[in-house]
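Just so it is clear: chains get the letters A, B, ... in the order the sequence lines come, proteins before strands, and each one is counted from 1. Remember, it's a predicted structure, so these values are computed and weren't measured experimentally.
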Number of protein chains: 2
Amino acid sequence: MTNRVRRTMPILPISIVMQLTDLTARQIRYYEEQQLISPARTEGNKRMFSLNDVDALLEIKDYLEQGLNVAGIRKLYETKVMPLNDQAEPKTLSDAELRSLLREEMKHQARPFSQASQRHGDLSRFFK
Amino acid sequence: MTNRVRRTMPILPISIVMQLTDLTARQIRYYEEQQLISPARTEGNKRMFSLNDVDALLEIKDYLEQGLNVAGIRKLYETKVMPLNDQAEPKTLSDAELRSLLREEMKHQARPFSQASQRHGDLSRFFK
DNA sequence: AAACAGATGTTAGATTTTCTAACATTAAAT
DNA sequence: ATTTAATGTTAGAAAATCTAACATCTGTTT
């Protein structure tokens, strides 16, 4: 009775993900194009999202609001600074790269990356 | 991070519910027609299912496998012997009705209704 | 100021998914 | 042998989603 969803199981159509995240379909597809997420596909090529995907989208949204750009977020994911995604092989950041990311964050009053802001980043708004 | 889904929120399309329950679309629609479930609808009239709906379907499936028929299951739901659904107003069963239900169960080696069989009845197969 | 780039909006046309309704089949009960 | 409950199958319509292209907006760079 007290089950947690297998968070990697693709069960949600894009329409529902739009509701859960307050993102447009355009935004979601763009973030996929930019390799920030990679939702599953049905046989008929429709995207199907897992709860982890939704979490990731909420984090992405939050980072964008903090002033990061897509490239910066991608870098964060690549380097596994963030634990959320089952990502490809992590690489190490050069000092220059790291400083560049940090500087970008500084520009926008952002706290250094804890789990994004606590207001978003997971589904506590919708799940209990 | 460790969230349970709001189990009444309609988030699943019928295709996914088919996978989760191993029921056909025909069966699912039939059970709705027979008032065993009442999934939400999108603006465009597509069914959207909650996790509670999926639980209910798994229970229905189990009861059918135990030899109950739809009418019997409906009666069970109506009389709130089962807690699962937010059903209409419960009525009391006449003794005759109750005996009739029980007899039907007896015919098929069924244990008296605990929460259906433990093998089904909730989503532990898919959720963790 | 003009040009550019990143993020998102909008639209069109094609494809997939889901819908209802009707008729068919199967197995069990009478 | 009929009848009925549950499910299968099919057809045609409507909704949801897809890709691709072009538009817009905002902030940077030259």
Practice problem: For nucleotides 8-15 of chain C, just jot down a letter per nucleotide in 5' to 3' order: B, S or -, based on protein non-hydrogen atoms under 4.0 Å. | Solution: BBB----B

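To the nearest angstrom, P of C:dT17 lies 16 Å from CG of B:L12. Separating the CE atom of B:M18 from the P atom of D:dG8 is a distance of 9 Å, rounded to the nearest angstrom. Per the geometry, CD belonging to B:E32 stands 12 Å off C1' belonging to C:dT20, to the nearest Å. Whole-Å rounding puts the B:Q34 CD to D:dT7 P distance at 10 Å. To the nearest angstrom, P of D:dT17 lies 7 Å from CE of B:M48. In this structure, A:E43 places its CD atom 16 Å from C1' of D:dC18, rounding to the nearest Å. In this structure, B:I28 places its CD1 atom 14 Å from C1' of C:dT17, rounding to the nearest Å. Atom P of nucleotide C:dT18 and atom CD1 of A:I14 are separated by 15 Å, given to the nearest angstrom.
For C:dT17, the OP1/OP2 oxygens have a side-chain nitrogen or oxygen of A:T42 closer than 4.0 Å. Not one side-chain nitrogen or oxygen of B:R74 sits closer than 4.0 Å to the OP1 or OP2 atom of D:dA5.
Atom CZ of residue A:R6 and atom OG of residue A:S50 lie 13.0 Å apart, to the nearest 0.5 angstrom. With rounding to the nearest 0.5 angstrom, the CD1 atom of B:I60 is 5.5 Å from the CD1 atom of B:I37. Atom CD1 of B:I28 and atom CD1 of B:I14 lie 4.5 Å apart (nearest 0.5 Å).
Each of C:dT17, D:dC18, C:dT20 was ranked by its minimum atom distance to the side chain of A:N45; first place goes to D:dC18.
In this structure, the side-chain contact (heavy atoms from CB on, under 4.5 Å) partners of A:A40, at least two apart in sequence or on a different chain, are A:P10. Residues forming a side-chain contact (heavy atoms from CB on, under 4.5 Å) with B:Q19 (at least two apart in sequence, or on another chain): B:I16.
For the side chain to side chain donor-acceptor pair (under 3.5 Å) test with B:N45, the passing option among B:R41, B:R47, B:E43 is B:R41; the others fail.
The residues A:R74 and A:E32 are annotated as not salt-bridged, no charged nitrogen and carboxylate oxygen being separated by less than 4.0 angstrom.
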